[in-house]
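The figures that follow rest on heavy atoms only: side chains count, while hydrogens, waters and symmetry mates do not. Quick note on labels: first sequence line is chain A, next is B, and so on, each numbered from 1.
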Amino acid sequence: MSSDHNTPGDDGFHRADLPEDSMSRDGVNAPVPVAAEATPVVDPRLIVREQGVAGYLGEFRRRIGSGELGSLPVVLALIVIWAVFGSLNSSFLSAQNLSNLSQQIVGTGMIAIGVVFVLLLGEIDLSVGSVSGLCAAIFAVLNVTHGVNQWVALISALVGGALVGLIQGLFFAKVGVPAFVVTLAGNLAWNGVMLQILGANGTVNLSGNDIVSRLYSTIYGQQIAAYGLAAVGVLLYLGSMLYDANRRRRAGVPYRPPVDIAVRTVLLAVVSFVVAYTLNQYKGLPLALLVFLIFIVVLDFVLRRTTYGRRIFALGGNIEGARRAGINVSWTRISVFMICSTMAAVGGLFLAAQIQSASQTSGGGNLLMNSIAAAVIGGTSLFGGRGKTWSALLGALVIGSIQSGMNIQGLSNAIQFIVTGAVLLAAVVIDSLSRRTQLAAGRA
Amino acid sequence: MTVPPTAAAPVLALRGISKRFGAVQALTDIELEVPAGQVVALVGDNGAGKSTLVKSVAGVNQPDDGVIEWQGRPVAIHRPQDAQHLGIATVYQDLALCDNLDVVGNLFLGREIRRFGVLDEVEMEKRSRELLSTLSIRIPSVRIPIASLSGGQRQTVAIARSLIGEPKVVILDEPTAALGVEQTAQVLDLVERLRDRGLGVILISHNMADVMAVADQVAVLRLGRNNGVFDRRSTTQEQIISAITGATDNAVTRRKARGTEGNE
Ligand SMILES: Nc1ncnc2c1ncn2[C@@H]1O[C@H](COP(=O)(O)OP(=O)(O)OP(=O)(O)O)[C@@H](O)[C@H]1O
Ligand SMILES: [Mg+2]
């Protein structure tokens with residue numbers, strides 16, 4: 001592999017041809033493709049990763065050193081939180097509590113997915129709490145009070161969310177009002193609209209067998225459901241990894257070594273089947289969790305594998321650069337705000353189903369803070385350009401675990417808020433520090 | 001042996017371009033012609049308006065006045081996309097790369113290769129490696145974020161990026177400012193290859209040796225105005241430098257200058 005491309009003699013050869021013989025026809029260029037074939041773009045200083053365990057440890061250390069922490073801090077935090085609450089009270093790690101937890105995090109988690117999109121732009125949406133309440137109210141009032149078909153009510157709620165995003169996005173992207181201000185105003189205004197829609201009564205109870213309630217409360221009791229999902233997930237993952245590695249190998253670009261794929265797949269399989277086993281110990285696979293996972297996977301695909309997702313990342317990295325690359329900045333921004341508000345609507349519907357009503361307090365309290373905190377705790381950067389939808393799951397799990405553990409311990413809300421606040425601060429500190437080390441390690 | 005196509009019609013022509021930033025008249029009535037298969041060097045002191053002119057052509061800034069002609073026809077370039085569609089590729093002085101995206105992501109930003117509607121990372125990576133190696137650019141990996149490259153490596157990535165998508169005119173705004181000896185040589189080599197392929201090239205540089213090595217014509221800007229277009233073969237470096245510094249403004253200004261001296 002280490003061809004003459006990297007040897008000084010070769011460099012001299014290139015140079016010698018250069019200045020005078022300016023008519024660089026094929027003759028002069030001939031050495032270049034040859035060199036390209038032999039060794040494409042290899043820097044002799046590049047630290048090549050070793051194979052096997054040593055390679056993993058080396059890579060791991062390098063990543064920590066250069067601030068590419070990814071999901072590591074939050075996974076560690078989750079382990080610590082579970083260890084602490086598990087040791088304080090054995091019922092915390094019971095199948096029942098964990099199953100309930102997997103349902104309870106869905107509302108906040110769905111909203112957090114939308115927040116991830118906005119954070120990727122380097123912006124913030126402070127209206128998600130109110131919007132979630134508003135859309136829950138739209139559904140409840142249409143379906144229960146006016147007897148509208150449940151599907152029509154559901155679609156109306158989601159379209160309502162998208163419209164909110166469109167309005168806020170237009171003000172942000174076209175008028176140029178900072179997103180912070182637009183959505184802060186929205187937070188108040190949409191809450192007002194919700195109160196207006198709910199009317200004098202103030203609370204609308206769901207019927208209990210509407211589509212939204214069933215989405216939340218359905219649990220697939222058959223053992224095969226949870227295990228099957230785990231198996232399908234692992235197989236899809238393995239299949240896509242193998243397919244990708246194969247294509248890369250044939251195209252002659254670096255690919256993941258089989259060991260690497262095997263280790264990752266085994267890790268995923270262990271986690272998935274432990275989760276499936278735990279769920280099956282109680283009632284089974286909750287539909288809400290399944291829907292949440294589907295949203296995460298699909299939107300993760302959108303972010304990482306589509307042109308649209310690439311544009312979002314580009315905007316988070318360098319707005320002017322993205323604009324000069326021909327990206328339609330305004331439209332991308334508006335659409336991201338629409339996604340965020342729509343996800344807020346989805347989350348709001350799950351939250352309404354959880355308490356079986358839409359009320360004046362819907363979308364209030366610390367929901368907004370929790371959703372943003374979930375995205376950030378999960379590892380999505382506040383500075384834009386870095387993050388994934390999986391942050392929503394991890395972050396919502398951390399916050400949900402703290403709440404659940406504290407409730408079991410009988411601790412007051414006060415302590416809960418303090419601890420959640422501290423965890424959020426820790427997450428932001430990690431984000432800032434890793435950004436700093438990244439800059440330091442990144443720029444020569 | 002190979003005579004550059006001298007009589008070629010300009011693929012890109014600027015007629016009377018003016019641009020004002022607040023109180024600064026950055027460009028006044030600029031004329032510039034870029035024939036296909038020629039390298040036009042654009043030189044001038046700092047703040048002469050070179051980058052501003054480039055941005056007007058690239059659709060980043062809107063000129064206040066003047067016409068841009070593309071292959072003989074006036075065109076409207078309102079957005080960077082318009083310039084891209086015409087076939088104008090630009091390497092900006094400030095590079096305009098996305099730090100958080102990797103090299104491949106940056107190279108193909110705005111013109112990603114897709115397969116079944118999904119990003120074709122494998123194909124993009126393959127082409128990136130081919131492209132970078134023909135420019136003999138050495139970077140640790142095409143999969144590391146731009147943030148972790150050195151200034152010169154970024155610059156080479158920005159140059160490589162302009163070559164994706166079959167441009168007809170390539171504009172390079174100080175492409176060699178941060179480059180080492182070997183990479184500068186490679187970029188100059190590249191400029192010549194582009195010219196030989198029949199592309200029009202606008203090269204902005206403060207390095208006279210580079211300019212004299214590859215340019216066919218040298219257009220001088222001074223304080224936002226044209227200050228002469230020179231044929232490289234019949235001009236000395238000194239003549240160009242004096243045009244840049246204003247020593248050869250024109251007869252009128254010289255007499256004025258003499259007149260003020262005489263009064264003292
Ligand atoms: N965005 C802007 N806003 C206000 N003034 C600007 C802006 N961009 C450029 N200018 C002004 O326009 C003039 C020309 O700037 P320009 O960047 O085109 O110079 P240049 O010839 O590229 O210089 P250099 O060789 O230093 O790159 C300068 O006086 C500068 O201050
Ligand atoms: Mg400039």
Side-chain angles (χ1 to χ4, degrees), chain A residues 5-6 11 14-15 17-19 22-25 28-29 32-33 35-37 39-47 66 244 247-248 250-254 301 304-307 309-311 313-318 320-328 381 384-386 438-439 441-444, chain B residues 1-2 58-60 79-81 84-85 90 92 94-101 105-106 108-112 114 117-119 121-123 125-126 128-130 132-143 145-151 161 181-182 185-186 188-189 192-193 196 213-214:
Chain A
H5 180 67
N6 290 328
D11 288 354
H14 278 261
R15 290 264 316 284
D17 281 328
L18 250 169
S22 57
M23 301 304 111
S24 47
R25 288 292 182 67
V28 175
N29 292 335
V32 177
E37 225 174 55
T39 341
V41 197
V42 178
D43 188 319
R45 291 159 299 178
L46 174 60
I47 302 131
S66 61
D244 190 56
R247 268 201 79 207
R248 288 178 159 274
R250 270 183 290 147
V253 294
F301 185 85
R304 290 191 305 115
R305 295 267 174 247
T306 66
T307 318
R310 184 57 52 84
R311 289 182 187 153
F313 278 100
L315 274 181
N318 184 346
E320 184 57 23
R323 193 169 82 86
R324 292 188 194 171
I327 291 173
N328 188 336
S381 173
R386 272 189 299 136
Q438 257 178 359
L439 290 182
R443 295 226 171 98
Chain B
M1 296 178 288
T2 43
V60 175
R79 304 169 304 166
Q81 289 97 307
Q84 264 178 28
H85 289 150
T90 311
Y92 298 96
D94 55 0
L95 304 185
L97 299 168
C98 293
D99 273 356
N100 58 330
L101 295 184
N106 268 289
F108 284 91
L109 187 60
R111 46 170 86 86
E112 292 85 357
R114 282 177 296 177
V118 175
L119 293 181
E121 294 285 357
V122 178
E123 183 63 25
E125 184 164 336
K126 194 174 137 200
S128 302
R129 294 162 74 83
E130 285 164 5
L132 294 181
S133 63
T134 55
L135 297 177
S136 87
I137 296 170
R138 303 232 180 89
I139 48 177
S141 153
V142 290
R143 283 298 174 192
I146 288 288
S148 48
L149 296 183
S150 78
R161 184 170 144 190
V181 178
E182 161 71 4
Q186 289 293 341
L188 296 182
D189 205 14
E192 286 178 337
R193 261 183 277 157
D196 294 347
V214 294

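When heavy atoms are compared at a cutoff of 4.5 Å, Asp94(B) approaches chain A solely by way of its side chain, counted from C-beta outward. Arg304(A) touches chain B through its backbone: at least one of N, CA, C or O sits under 4.5 Å from a heavy atom, while the side chain does not. Heavy atoms closer than 4.5 Å to chain A are found in both the backbone and the side chain of Glu125(B).
Note: Leu95(B) CG to Arg324(A) CZ = 9.5 Å, rounded to the nearest 0.5 Å. Remark: Phe313(A) CZ to Asn100(B) CG distance equals 7.5 Å, nearest 0.5 Å.
Shown here is Arg114(B), whose CZ atom has no more than 12 heavy atoms of other residues, nucleotides or ligands within 6.0 Å.
Side-chain atoms of Leu97(B) and Asn318(A), non-hydrogen and from C-beta on, never get closer than 4.5 Å to each other. Side-chain contact between Val253(A) and Glu121(B): absent, with no pair of heavy atoms (C-beta onward) separated by less than 4.5 Å. Residues Cys98(B) and Arg310(A) have side chains not in contact (no heavy-atom distance under 4.5 Å, counting atoms from C-beta outward). By the 4.5 Å heavy-atom criterion applied to side chains, Arg323(A) and Arg79(B) are not counted as neighbours.
Scanning all heavy atoms of the two residues, the minimum distance from Val122(B) to Ala251(A) falls at CG1-CB, 3.5 Å. Between Ile327(A) and Leu109(B) the shortest heavy-atom distance is CD1-CD1, 3.8 Å.
When the candidates Arg250(A), Arg248(A), Arg247(A), Arg311(A) are compared by the number of heavy-atom contacts under 4.5 Å with chain B, Arg247(A) comes out ahead. Here Glu112(B) is the residue among His85(B), Arg143(B), Glu112(B), Glu123(B) with the most heavy-atom pairs under 4.5 Å with chain A.
Put simply, the side chain of Glu320(A) never gets that close to the backbone of Ala96(B): no donor and acceptor are under 3.5 Å apart.
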